[in-house]
Amino acid sequence: MSETEPQHRYNAVLAGQIERRWQDRWQESGAFHAPNPAGPWAEPDKVGRRKKIMIQDMFPYPSGAGLHVGHPLGYIATDVFARYQRAAGRNVLYTLGYDAFGLPAEQYAVQTGQHPRKTTEENMGNMRRQLRQLGLSHDDRRSIVTIDPNYYRWTQWIFLQIYNAWYDPSAGRARPIGELVSAFESGAVPTPDGRAWADLSDEERRAAVDGHRLAYKSQSPVNWAPGLGTVVANEEVTAEGRTERGNFPVFKRNLPQWMMRITAYADRLIDDLDRLDWPESIKLQQRNWIGRSSGAAVRFAVDGSDHSIEVFTTRPDTIFGATFMVLAPEHPLVDAIVPSAWPEGTQGAWTEGAADPQAAVAAYRLATSRRSDLDRQTDGKVKTGVFTGAYAVNPVSGERVPVFIADYVLMGYGTGAVMSVPAEDPRDWAFAKAYDLPYRRTVQPGPDHDEDSAFTGTGPMINSSNERISLDGKDVGDAKADVIALLEADGTGRGTITYRLRDWLFSRQRYWGEPFPIVYDEDGVAHALPDSMLPVKLPEVADYSPKTYEPEDADSQPESPLSRASEWVEVELDLGDGPKKYRRETNTMPNWAGSCWYELRYLDPANEDVLVDPAVEEYWMGPGQGDGEGVVADPGGVDLYVGGSEHAVLHLLYARFWHKVLHDLGHVSSDEPFRRLFNQGMVQAFAFRDSRGYPVPAAEVEEHLDGERTTYTWQGKPVTREYGKMGKSLKNVVTPDQMCDEYGADTFRVYEMSMGPLDQSRPWETRAVVGAQRFLQRLWRNVVDEETGAARVVDDEPDSATNRLLHKTIDGVSRDYENLHFNTAVAKLIELNNAVTKLDAPPRAVMGPLVQMAAPLAPHIAEELWSALGHSQTMTDEPFPVADPQLLVDDTVTCVVQVMGKVRDRLQVPPGISAADLEVLARESEKALAAIGDGQIRKVIVRAPKLVNIVAS
RNA sequence: GCCCCCGUAGCCCAAUCGGCAGAGGCAGGCGACUUAAAAUCGCUCAAGUGCGGGUUCGAGUCCCGUCGGGGGCACCA
C-alpha cells in the first residue's frame, strides 16, 4: 500500500478487517439461526406469525481441488436472496451441508494414499474456510454432513422404510408391507402363481412379499464397469455406453444387486412436474428420461407353434402395414421358434449365408455380443439382422409375416419385439430395404412426400380394411382406438403404456458409502435390522480401495471392499428369535442416497427421535406454506432451490422419488421436495495456448489492440484464445481466496452478482472486478471521510429529485431482489450512489436506505456503514426500506410525438393528462405539423402520457 | 438428425403491455491530483439490436425463414 493513500480508504486490507470482524460477530450472536416452531429447537415465540421461506443450494461435494470463482456463484445469489428476505420480514431457513460420501472422495483418497474420512474432512474444512470468508448467512447449526453416523442413521432408516413398503396401484401410493399380507390374504393382490395365500409355504410367502418391496434384491442385467470396480445406475451411463464418472466402458451383466422400484412412481413423477415451478428444460429432460409412451401390446401367433410373440407399438393404427417382425437377438422366445431348416421361399439375403436357421441365429448372436453398446449405437443407421426361419400371423390382417432378429431392437424396452411397419417407420424402412422386404402404405402420404422413404406424418388411413374392420379414410387417432378395441375384443392385444425408466440400481461395490441395514441368515435370506440397531457404522478396514480391473475385462467380478472386513461381516444378532449368526450386506449405497433427503434433515437436525418433527416439516415445507400460499395443487417443498442443470435426471429424480415414498408413508406432508428450482449459469473463462498448443497462465497474458483486431501475447510471444471451463489443466483458475485478498469479499460478491442474469453463463474477467470495488469505495466515501474516518452524512432533507430517485430505486431494487435480478439491482444502486456523489453533501435520509439496500449484496461494508450512521445493532433484522408510491411518479413526463412512427417532438406534460388533451397538444406541435407537411392525418394513436403517434399520408 | 435456450456499443450486460435503443460496469480517449507512476476523481466516445422477410400506426420485443453460439436427446418401436 502506498503511503499517500488516505488512511480510511476502503481498500482490500480495510475490507478484510471489516469482513472478519462482522463474520465473527454474526457467528457469536447466532444472527442467522432460524427458529423452529417445534421439535428439540422449538422457539415458537421467535417464529411468531412471520411468513417463512426456505432457500437452499444444491448439496456440495467437498472436492480436493478447492473452489474457483465459479463455484460460489449460486451460494452468493442465495445469500443475497436470503438476506433480502430476512430484511423483508420472513423467517428464513438457509444453510449448507456437505455431501461427502461417494466416488470422488474415495478416488481422491486412493490417489493420495489416505483414508477417505481424513481427506474428506480436510476438504470440507478447506471449503468451509473458503465459504466463510464470503460472509454467507447460513444457519451453521444446521450444516449436516452425510458421513456423520447421526445423519446416515436416518439414511439407513429411510432405506428400511422403502424396503418395508410396497406400491399399491389401486390406491396409487406406497403402503406398509404389513398391509400387503392382508391384501394377499383377501385376494386383492394375487399371489405370484395365483394360488391362495393360505396354501403357500413360508418360503413362498416370503418370496411373494419380497417381490413387491420398493427396495428389493434382484438378479438382473446391470451396468458393470470393471475399470471403476463397481456397478452403476442407468442414469450414470452416458449415451456412448460409458460411465459418467471416469468414462469407463460398461457391460451388461446379471448380478445380484439392490434395486429401488422407482418405476412404480413413473406416472406420478411425470404428472407432478406440472405442479412444480421448475425450468421447462429440466422438466423436459425428466419427461424424456421417464419416457412414457402409450400404445398397444399386440400378440402375434407364431405359425405352426403354440408360442406367440407380444410386441409393443405406439402405432397400432398401422398394423395392416406390418410386413415382418423383429425380435431382439436376446429375446427368450427365439430358441423356441427357430426351425431346423430354412422354410420354402426363404430369400438368399435373409440367411446371411448360413446353412440353416439355427446356425444363422447363433452366428448373429455371437456377432452381436461382440459388439459393444458403443458400436451398436454409433453404427446407427446400418441395419443388420437375420431371418429366424419362423413366420408369425398378423392378428388383424391374417397375413403370414417373416420373423427376424436384429440388434436395432432392444431387449430392454417394451417387450423386446416389434411389428415392423416400413411404410411408417424409418428404422423398419431401412431394414426392409437392406433385406428386400415389402412395404405397404397405410397412411396416405402428402403430395410432397418422397416415395423412397417412410412417412411418419399424419393423413387418412389407406389399405387398412378386412371383413371385420375398416380404418380407411379415418385419421390416425380414431384408427388407433378402433384397432385397440378390436384387439381387446379378440383377446389378442390391449391398450398399454410403457416407460423408458428402469428401476434404480442402488448398490455399489465401494467402501465410502452408507452400509445397508441388512443381514443375511445362514440360508442366505435377507433380514432388515430393527431401528434400534441403527446406525450400522462403516467399519475401519485396512484396505478401502475398490477392486478394479482392466476396463475391457467384461468377465471380471465385482468385489466389495467391505467383504474383506470379516470381523464386521460376521455377526451374531438377536433379531427376535434368539442369537444367531448372520452375514452383513457388504455393498454400500450410492452417493445419491445422502442427497435424496437432506433438505428434510436441515429442518430438524438435532432430532434424535424422528427424521423430522412433523410440525417442523409442515411449517417449513408443507403445501400452501411460504411461496405455496394460495397456489392451486401446491406440492410443498423448498421455496427456492438453486443449482446447476447437470443434476436434471439424477439427484432431482431420485430425491423426488424418496420424498414421495416418505409422503405416502405419512412421514412428510409435502408431496415434492423442491417447489421451485432455479438453474444458475456457469462462470466460464478464457484460456490461452502457445504455438505448440500448450496452455499458458491466463493471468499473465497481455492484450493488444491492433487496429480492428485484438491480439494476445504471453512473454512476448503470440498466443491463441479459447473459451470454456475454468480448470487447472487450462491454467486459467481464479479462486475466491485471491479475490478476497485483492479486493475483499464484498467486492467479489458484488462483481459476481453484477456480471449478468443469474441463469446465464458468463465469462470471468478479473480486470473488471475493479468496477465493483469502485462502487463500494464511493459508497464508503458517501458515508465516511477517507482522511479522518468521521461520518460525512448531513441531516438536511434531500432535494426532491434525489428523493424521487431514492424511492424509485427502493421500488426497483425490491422487485429485482424478489425476482433474482441481482445484476440490475446492482446497476440501480450504483446509479443512486453516483447521484449522491454529485451532491455537495450526502443526506443521511438517502444513505441510510442505500446502505440497507446494498446490504444483501455487500453485507460486511453495509454493517460497518450502518454503524457509522449511528446504529449499534446488526442490520440483519432491520426492515427493508419501503418506497412511497407518491414519489414514484414525476411532476412532468416527457411525451414523444411521433409522425409515422418517427419521433418528431417531445412535450413536457403532467403524468395524469387525458388522452384527449394530449392529442390536442400533439396536433398543435409545430415540429409534428412540419413533418406532416401536406399530408392528411388519418389516425392518431395516443398512449397517455408517454406517446402520441400521428399517422398521416 | 430432432428438441430447447441465446445473438443489443470493442467486451459483460439494461430496456413492464410491442411505444424515445441505454440503466450499470470493463476497456478506450481527454482532463484533475502526483516530481513521476499506480490508485483515486471528473468528463467523454461508442451500437440501430446476427441476416432476410412478414404482421403492425409503431418491432430489440410477435410470426416465418436463415446464419452463428450454447445445451439436451439420439435405433425407445
Side-chain angles (χ1 to χ4, degrees), chain A residues 1-2 4-6 9 11 239 279-282 284-285 288-289 291 293 295 311-315 318 326 376-383 406-410 412-421 424-428 430-431 498-500 645-646 648-649 679 681-682 684 703 705 708-710 723 750-751 754-757 759-775 777-778 781 786 812 815 821 823-831 833-834 837-838 894-903 905-906 938-941 943 946-952:
Chain A
M1 279 315 121
S2 156
T4 59
E5 191 164 324
R9 167 157 297 174
N11 55 26
E280 272 311 312
S281 63
I282 302 284
L284 188 67
Q285 282 182 60
N288 286 343
W289 185 260
S293 49
V311 302
F312 173 73
T313 177
T314 56
R315 294 292 303 274
T318 63
V326 181
R376 271 174 82 156
Q377 299 192 13
T378 46
D379 281 2
K381 305 290 173 279
V382 185
K383 296 278 180 289
D407 66 4
Y408 81 93
V409 174
L410 310 173
Y413 183 78
T415 60
V418 301
M419 63 175 208
S420 294
V421 186
E424 278 93 32
D425 185 295
R427 297 155 301 186
D428 296 340
F431 192 81
T498 50
Y499 304 87
R500 198 181 98 109
S645 55
E646 67 273 16
V649 288
N679 291 128
M682 264 194 301
Q684 294 183 295
E703 187 182 298
L705 257 168
E708 296 285 284
R709 291 210 333 274
T710 308
Y723 182 55
V750 170
Y751 175 66
S754 70
M755 291 167 83
D759 56 356
Q760 238 170 72
S761 291
R762 70 293 299 276
W764 177 263
E765 201 184 358
T766 299
R767 70 175 178 185
V769 177
V770 71
Q773 189 179 38
R774 285 180 191 147
F775 161 54
Q777 281 179 341
R778 266 188 288 238
R781 260 200 305 274
E786 280 192 334
R815 273 185 287 123
H821 295 165
N823 55 324
T824 50
V826 172
K828 289 181 176 87
L829 295 174
I830 291 175
E831 194 183 359
N833 192 50
N834 286 350
T837 303
K838 291 190 174 73
T894 306
C895 172
V896 286
V897 182
Q898 298 179 337
V899 178
M900 302 299 288
K902 286 211 170 74
V903 179
D905 199 3
R906 291 183 166 81
R938 305 220 147 180
K939 197 168 163 188
V940 180
I941 287 115
R943 291 284 178 275
K946 306 263 288 196
L947 177 135
V948 178
N949 188 10
I950 299 171
V951 186

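Sequence lines set the chain letters: A, B, ... in the order given, protein chains first and strands last, and positions in each chain run from 1.
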K.L.:
Just how far, in rounded Å, is P of B:G24 from CG of A:L829?
P.N.:
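Taking CG of A:L829 and P of B:G24, I get 13 Å after rounding.
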
K.L.:
Rounded to the nearest Å, what distance is computed from the CD atom of residue A:Q285 to the P atom of nucleotide B:C73?
P.N.:
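Between P of B:C73 and CD of A:Q285: 6 Å.
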
K.L.:
Counting any heavy atom closer than 4.0 Å, what does A:T894 reach on the DNA or RNA strands: base, sugar-phosphate only, or nothing?
P.N.:
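Contact class for A:T894: base.
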
K.L.:
Expressed in whole Å, how much space separates the P atoms belonging to B:A27 and B:C67?
P.N.:
38 Å

K.L.:
Would you compute the distance between atom OG of A:S645 and atom CE of A:M682 and round it to the nearest 0.5 angstrom?
P.N.:
7.5 Å

K.L.:
Does A:R778 get its side chain close enough to the base of B:C41, under 3.5 Å, for a donor-acceptor pair?
P.N.:
no

K.L.:
Is there a donor on the side chain of A:K383 or the base of B:C75 sitting less than 3.5 Å from an acceptor on the other?
P.N.:
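It does, because a donor-acceptor pair links the side chain of A:K383 to the base of B:C75 below 3.5 Å.
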
K.L.:
For a quick test of reading the model, state the closest non-hydrogen atom pair linking A:R767 to A:V770 and the distance between them.
P.N.:
O-CG1, 3.4 Å

K.L.:
Measure from the side chain of A:Y408, starting at C-beta and using heavy atoms only, and say which of B:C75, B:C26, B:A77 lies closest.
P.N.:
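When the side chain of A:Y408 is considered, B:C75 is the closest of B:C75, B:C26, B:A77.
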
K.L.:
If only atom types and distance count, is the side chain of A:R762 paired as donor or acceptor with the main-chain N or O of A:Q760 below 3.5 Å?
P.N.:
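Yes, the answer is positive, given that a donor and an acceptor are paired below the 3.5 Å cut-off.
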
K.L.:
Considering only the C1' atoms, how many Å lie between B:A9 and B:C45, rounded to the nearest integer?
P.N.:
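The answer is 10 Å between these two C1' atoms.
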
K.L.:
On a whole-Å scale, what distance lies between the P atoms belonging to B:U35 and B:U16?
P.N.:
50 Å

K.L.:
A:N834 side chain N/O closer than 4.0 Å to the phosphate oxygens (OP1, OP2) of B:G25?
P.N.:
yes

K.L.:
Look at all strands and tell whether A:V770 reaches a base, only sugar-phosphate, or nothing, counting heavy atoms closer than 4.0 Å.
P.N.:
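Here A:V770 touches the backbone only, sparing every base.
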
K.L.:
Output the rounded distance in Å from OH (A:Y751) to C1' (B:G24).
P.N.:
13 Å

K.L.:
Partners of A:R815 by salt bridge (charged side-chain N to carboxylate O under 4.0 Å, His left out), sequence neighbours excluded?
P.N.:
A:D811

K.L.:
Tell me what A:R943 touches on the nucleic acid: a base, only sugar-phosphate, or nothing, going by heavy atoms under 4.0 Å.
P.N.:
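Answer is base: heavy atoms of A:R943 come under 4.0 Å of a base.
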
K.L.:
Hey, is B:C43 sitting syn or anti, using the within-90° cutoff around 0?
P.N.:
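With its glycosidic angle more than 90° from zero, B:C43 counts as anti.
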
K.L.:
Could you tell me how far B:G54 sits from B:A59 if I compare only their C1' atoms? Round to whole Å.
P.N.:
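It works out to 11 Å between them.
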
K.L.:
Atom CD of A:E646 and atom C1' of B:G71: how far apart are they, to the nearest Å?
P.N.:
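In whole Å, B:G71 C1' and A:E646 CD are 12 Å from each other.
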
K.L.:
In whole angstrom, give me the gap between the C1' atoms of B:U66 and B:G7.
P.N.:
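14 Å, rounded to whole Å.
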
K.L.:
Paired with B:C2 by Watson-Crick or G-U wobble geometry, both distances under 3.5 Å: which nucleotide is it?
P.N.:
B:G72

K.L.:
Watson-Crick or G-U wobble partner for B:C30, using a 3.5 Å limit on both distances?
P.N.:
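B:G42 is the nucleotide pairing with B:C30.
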
K.L.:
Could you tell me which nucleotide pairs with B:U35 by Watson-Crick or G-U wobble geometry, both distances under 3.5 Å, or answer none if nothing does?
P.N.:
none

K.L.:
Do you know which two heavy atoms are closest between A:N679 and A:P279, and how far apart they sit?
P.N.:
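Where A:N679 meets A:P279 most closely, the heavy atoms are OD1-CG, 3.3 Å.
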
K.L.:
Pick base, sugar-phosphate or nothing for A:Q777, based on heavy-atom distances below 4.0 Å to the nucleic acid.
P.N.:
sugar-phosphate

K.L.:
Applying a 4.0 Å non-hydrogen cut-off, can you work out what A:S645 is touching in the nucleic acid: base, sugar-phosphate, or nothing?
P.N.:
nothing

K.L.:
Within this structure, what is the CE-to-P distance between A:M682 and B:C6, rounded to whole angstrom?
P.N.:
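Interatomic distance, CE of A:M682 to P of B:C6: 17 Å.
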
K.L.:
Across all strands shown, which nucleotide pairs with B:C17 by Watson-Crick or G-U wobble geometry, both distances under 3.5 Å?
P.N.:
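Because no pair has both required distances under 3.5 Å, B:C17 counts as unpaired.
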
K.L.:
A:F775 and A:N833: which non-hydrogen atoms are nearest, and at how many Å?
P.N.:
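Heavy atoms only, the tightest pair is O-ND2, 3.7 Å.
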
K.L.:
Using the closest heavy atom to pick a nucleotide of RNA chain B for each, name whichever of A:V769 or A:L284 lands nearer the 5' end.
P.N.:
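That would be A:L284.
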
K.L.:
Could you pull out the closest heavy-atom pair between A:S420 and A:D428, with the gap in Å?
P.N.:
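It is CA-OD2, 3.2 Å.
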
K.L.:
Using a heavy-atom cut-off of 4.0 Å across all strands, would you classify A:R774 as base, sugar-phosphate, or nothing?
P.N.:
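The answer is sugar-phosphate, as A:R774 gets under 4.0 Å only of primed atoms, P, OP1 or OP2.
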
K.L.:
Taking atom C1' of B:G58 as reference, at what distance in whole Å does atom NZ of A:K946 sit?
P.N.:
16 Å

K.L.:
For A:R781, check salt bridge (charged side-chain N to carboxylate O under 4.0 Å, His left out) against everything at least two apart and list the hits.
P.N.:
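By the salt bridge (charged side-chain N to carboxylate O under 4.0 Å, His left out) rule, A:R781 matches A:E786.
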
K.L.:
Would you kindly compare A:G416 and A:A827 by the position of their nearest RNA chain B nucleotide and give the one closer to the 5′ end?
P.N.:
A:A827

K.L.:
In whole Å, what separates the C1' atom of B:C20 from that of B:C57?
P.N.:
16 Å

K.L.:
So which nucleotide does B:A59 pair with, by the Watson-Crick or G-U wobble rule with both distances under 3.5 Å?
P.N.:
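Paired with B:A59, as far as the under-3.5 Å criterion goes, is no nucleotide at all.
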
K.L.:
For B:G54, does the O4'-C1'-N9-C4 or O4'-C1'-N1-C2 angle fall within 90° of 0, making it syn, or is it anti?
P.N.:
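You should classify B:G54 as anti.
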
K.L.:
Considering non-hydrogen atoms only, spot the tightest contact between A:A772 and A:V750 and give its length.
P.N.:
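Reported closest heavy-atom pair: CB-CG1, 3.8 Å.
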
K.L.:
Where the side chain of A:Q898 is concerned, which of B:C20, B:A77, B:C26 is the nearest nucleotide?
P.N.:
B:C20

K.L.:
Just name whichever nucleotide pairs with B:G7, Watson-Crick or G-U, keeping both distances under 3.5 Å, else none.
P.N.:
B:C67

K.L.:
Can you check the distance between B:C26 and B:U44, where both ends of the measurement are the P atom (answer in whole Å)?
P.N.:
15 Å

K.L.:
I'd like a list of close polar pairs between nucleotides 11-17 of chain B and the protein, N/O only, cut-off under 3.5 Å.
P.N.:
| residue | atom | partner | partner atom | Å |
| --- | --- | --- | --- | --- |
| B:C12 | O2' | A:M755 | O | 2.8 |
| B:A14 | OP1 | A:N823 | ND2 | 3.4 |

K.L.:
Base, sugar-phosphate alone, or nothing: which one does A:I941 contact when heavy atoms must sit under 4.0 Å apart?
P.N.:
base

K.L.:
Do any side-chain nitrogens or oxygens of A:K939 fall under 4.0 Å of OP1 or OP2 in B:C57?
P.N.:
yes

K.L.:
Say you pick atom C1' in B:G60 and the same atom in B:G48; how far apart are they, in whole Å?
P.N.:
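Roughly 9 Å separates the two C1' atoms.
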
K.L.:
Cation-pi check, A:K383 to A:F431: give yes when NZ or CZ is under 6.0 Å from the six-membered ring centre and within 45° of the ring axis, no otherwise.
P.N.:
no

K.L.:
What is the minimum heavy-atom distance between A:V311 and A:T415, and which atoms define it?
P.N.:
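Looking at all heavy atoms of both residues, the shortest contact is CA-OG1, 3.3 Å.
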
K.L.:
Could you check how far OH of A:Y723 sits from C1' of B:G7, rounded to whole Å?
P.N.:
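Distance, rounded to whole Å: 14 Å.
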
K.L.:
Indicate, with a heavy-atom threshold strictly under 4.0 Å, whether A:S281 touches base, sugar-phosphate, or nothing.
P.N.:
nothing

K.L.:
Using whole Å, what does the distance between atom C1' of nucleotide B:C57 and atom CZ of A:R938 come to?
P.N.:
12 Å

K.L.:
With the side chain of A:R500 defined as its heavy atoms from C-beta on, choose the nearest nucleotide among B:C73, B:A77, B:A39.
P.N.:
B:C73

K.L.:
Looking only at the side chain of A:R906 (C-beta and beyond, no hydrogens), which of the listed nucleotides B:C3, B:C20, B:A77 gets closest?
P.N.:
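The answer is B:C20.
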
